[in-house]
Amino acid sequence: MRETFIDTMTDLLAEDPRTAVVLADISAAAFGPAAQRHPDRVLNVGIREQLLVGVAGGLALTGLRPVAHSYAPFLVERAYEQIKLDLDHQGAEAVLVSVGASYDRAAAGRTHLGPADVALIDTLTDWTVHVPGHRDEVPALLRAAVAADGSAYLRLSTQSNDMARGNDGSLQVVRDAGPGAPLLVAVGPLLDQALAAVAGLPVTVAYTHRPRPFDIAGLRALAGTEVILVEPYLSGTSARVVGAALADRPHRLLTLGVSRTELRRYGSPEDHTRWHGLDAAGLRRSIDAFLARALV
């Protein structure tokens, strides 16, 4: 996904003179050729993520469409105050593009873990959040975010589904178990794990790579009594949205995602997926227990 972002953004710099890229050393070498061609619109501020966002806000106020890029914990958690003040409060609109996702760089330790990024962005005003599940989803999402008004967060990962799913961000049914069946909503790169987890179960599975704004109309049309959320970031991040959308009808909600418990481990992304119960086997255990309680 990272390489696809760099290629697409390089094309956008050539196509649209309003675009600019602000870097904090991350991916700076890959943007080297673009920086030579557009030295006034490819800016590397060094390892200063707060400045990264501040510069993006300033560029936005001049009429440019800035794209700020770094690792998720640096771009969102470390620079959150600047996102809140220099972008959100000022009404300065930008696109933030992260790599690293929740635990893609787990081998680098806690400094490189960022499962709370979407929850933090969710505290801001009217941001769009894109979580692609495959590299081939990235170009269209990036182009749409740059072309649109408003601020957006594009969350890239080394985790991936086997195939791209092209839609507008609304809930896309990929497995239909019929009316009244439990509904599982999988976000981004966890779709394949979710599908494997419910093999043999009468569960409808829907996919989205745009958790914000959440497809409320689609959710209400598909949801029965049981709803299961599978998200590749902090568990429960979308619980409030789903709860509000279904507040007028009885429902039960299971939220699965990165645990709020501090693991204090290194390991690989695959290790963390397993430890957080987000592999197919772990999801199946949680889903089986949830559905069994529904029958009591």
Side-chain angles (χ1 to χ4, degrees), residues 1-2 5 21-24 26 49-57 59-60 65-105 111-133 137-138 141-142 144-157 159 169 185-190 208-216 229-245 255 257-260:
M1 292 188 192
R2 182 176 182 177
F5 156 66
V21 175
V22 191
L23 307 169
I26 302 300
E49 286 81 9
Q50 292 92 334
L51 177 60
L52 169 90
V53 175
V55 168
L59 293 174
R65 185 60 165 161
V67 176
H69 169 62
S70 187
Y71 270 86
F74 310 151
L75 180 64
V76 178
E77 294 179 337
R78 184 176 295 173
Y80 174 73
E81 185 175 14
Q82 280 63 45
I83 297 172
K84 180 179 71 174
L85 298 178
D86 296 354
L87 295 179
D88 209 51
H89 180 64
Q90 297 293 336
E93 298 169 347
V95 178
L96 307 184
V97 180
S98 73
V99 293
S102 292
Y103 42 72
D104 284 356
R105 284 295 304 276
T111 56
H112 285 64
L113 303 182
D117 54 347
V118 175
L120 284 171
I121 292 293
D122 208 23
T123 66
L124 305 173
T125 306
D126 296 330
W127 278 62
T128 298
V129 177
H130 300 290
V131 183
E137 296 172 8
V138 173
L141 293 179
L142 177 62
V146 170
D149 295 326
S151 290
Y153 177 48
L154 180 58
R155 187 184 204 258
L156 308 182
S157 177
Q159 299 181 76
V185 177
V187 178
L190 285 179
T208 185
H209 50 46
R210 194 204 64 198
R212 296 294 183 278
F214 202 94
D215 179 13
I216 299 301
L229 274 175
V230 178
E231 302 179 280
Y233 33 79
L234 199 63
S235 175
T237 296
S238 294
R240 67 167 188 86
V241 178
V242 173
T255 60
V258 179
S259 170
R260 293 169 182 264

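Basis for what follows: all heavy atoms, side chains included, without hydrogens, waters or symmetry-related copies.
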Do Pro213 and Thr128 have side chains that approach each other closer than 4.5 Å (heavy atoms only, starting at C-beta)? yes

Minimal heavy-atom distance between Leu141 and His130, with the atoms involved, is CD2-ND1, 3.7 Å

Could you pull out the closest heavy-atom pair between Leu154 and Pro132, with the gap in Å? CD1-CD, 3.8 Å

Backbone N/O of Ala145 and side chain of Arg65: donor-acceptor pair under 3.5 Å: yes

Taking the side chain as everything from C-beta on, heavy atoms only, tell me whether Val131 gets closer than 4.5 Å to Tyr233. yes

Donor-acceptor under 3.5 Å (Glu137 side chain, Gly133 main chain): yes

Compare all side-chain heavy atoms of Arg155 with those of Asp117 and state whether any distance is below 4.5 angstrom. yes

With a 4.5 Å cut-off on side-chain heavy atoms, are Leu234 and Val118 touching? no

Tell me if the centroids of the rings in His112 and Tyr71 come within less than 6.0 Å of each other. yes

Look at Arg240 together with Asp122 and state whether they make a salt bridge at an N to O cut-off of under 4.0 Å. yes

Side chains of Val146 and Val67: closer than 4.5 Å at any heavy-atom pair? yes

Provide the closest heavy-atom pair for Met1 versus Leu156 in the form atom of the first, atom of the second, distance. O-CD1, 3.8 Å

Indicate the atoms forming the closest heavy-atom contact of Ser151 with Glu93, along with that distance. OG-CA, 3.3 Å

Taking the side chain as C-beta and beyond, is there a heavy-atom pair between Leu96 and Trp127 under 4.5 Å? yes

Atom CD1 in Ile26, atom CZ in Arg2: separation rounded to 0.5 Å? 6.0 Å

Which atom pair, heavy atoms only, marks the closest approach of Ser238 to Arg212? OG-NH1, 3.0 Å

Any side-chain heavy-atom pair of Ser70 and Arg78 under 4.5 Å: no

Heavy atoms, side chains only, cut-off 4.5 Å: are Leu75 and His69 in contact? no

Nearest heavy-atom contact between Pro115 and Leu113 is CD-C, 3.6 Å

